[in-house]
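Remarks on the structure that follows.
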Amino acid sequence: MSGLEESFRKFAVYGDTAASGNNMTGKNFSKMCKECGVMDGKAVTSTDIDIVFNKVKTKGARTINFVEFQQAMKEICVKRFKGKSPEEALQAVYGLIEGKEPSNVGTTKVAKVAGVDRLTDTSKYTGSHKERFDESGKGKGLAGREDLTDNSGYVGAYKGAGTYDKTH
């Protein structure tokens, strides 16, 4: 398998766990052209890439195979390297792609600690919840709550609590 075909397969399976590597989607084709330097933003733009992709793919299909990919490269290389002959331009484009694989630049980093650890870290609690734990992070239980229930039998905020004369 050539370096070009190997790069094609690596980009074809990128981001799709069910992909076999034989067919490439338009998204992955565009990513490949961008990362390998085929798309330079001046001579070849993302619009050109999308147009060529839709031109070479089979009608009704959503992917291209390696043969269709080679046809797409033949159309793009003439635009990318204008001064060269079609064969030289094609080899130059293949040279840009060979040996490359998809990069993960700009992807979201995974948090080092599990989500539960972050959510249960009492040092990060604020407001009234902060008062419910001591310095070590151990809960204070009922003593940590400000609103303890009053089970004395009196209505809340009654001023004469405890003044009832039991002799009557």
- Which residues satisfy the salt bridge (Lys or Arg N to Asp or Glu O under 4.0 Å) test with Asp40, sequence neighbours excluded? Arg80
- Query: Applying ring-ring contact (aromatic ring centres under 6.0 Å, His included), which residue pairs with at least one partner in residues 30-50 are found, sequence neighbours left out?
  - Reply: none
- Item | ring pair (Phe, Tyr, Trp, His ring centres under 6.0 Å) partners for Phe66, two or more places apart | Phe8, Phe69
- Query: With hydrophobic residues grouped by side-chain heavy-atom distances under 4.5 Å, do Val56 and Val78 end up in a single group?
  - Reply: no
Less than 3.5 Å apart, which donor and acceptor atoms pair up between the side chains of residues 20-31 and the rest of the protein, not counting sequence neighbours?
residue: Ser20; atom: OG; partner: Asn22; partner atom: N; Å: 3.3
residue: Asn22; atom: OD1; partner: Arg9; partner atom: NH1; Å: 2.5
residue: Thr25; atom: OG1; partner: Asn28; partner atom: N; Å: 3.3
residue: Asn28; atom: ND2; partner: Phe11; partner atom: O; Å: 2.8
residue: Asn28; atom: ND2; partner: Ala12; partner atom: O; Å: 3.3
residue: Asn28; atom: ND2; partner: Tyr14; partner atom: O; Å: 3.0
residue: Lys31; atom: NZ; partner: Glu35; partner atom: OE2; Å: 2.5
residue: Lys31; atom: NZ; partner: Ser103; partner atom: O; Å: 3.4

- Item | Summary of salt bridge (charged side-chain N to carboxylate O under 4.0 Å, His left out) pairs that have at least one residue in residues 52-68, sequence neighbours excluded | Lys55-Glu75
- Which distance, rounded to the nearest 0.5 Å, do you find between the CG of Leu96 and the OG of Ser7? 11.0 Å
- Task: Could you list the residues that satisfy salt bridge (Lys or Arg N to Asp or Glu O under 4.0 Å) with Glu98, not counting sequence neighbours?
- Result: none
- Kindly write out the residues that satisfy salt bridge (Lys or Arg N to Asp or Glu O under 4.0 Å) with Lys79, not counting sequence neighbours, or none if the list is empty. Asp48
- If you group Ile, Leu, Val, Met, Phe, Trp and Tyr by side-chain heavy-atom gaps below 4.5 Å, do Val13 and Ile64 land in one group? no
- Message: Between Met73 and Cys33, is the side chain to side chain contact (heavy atoms under 4.5 Å, CB included) condition met? List the steps.
- Response: CA-CA 10 Å; Met73 288 298 118; Cys33 292; 4.0 Å; yes
- Message: According to side-chain hydrogen bond (donor to acceptor under 3.5 Å, both in side chains), who are the partners of Lys74, at least two apart in sequence or on a separate chain?
- Response: none
- Query: Which value, rounded to the nearest 0.5 Å, describes the distance between Lys84 atom NZ and Leu90 atom CG?
  - Reply: 11.5 Å
- Item | Atom of Lys10, atom of Lys100 and distance for their closest heavy-atom approach | CD-O, 4.4 Å
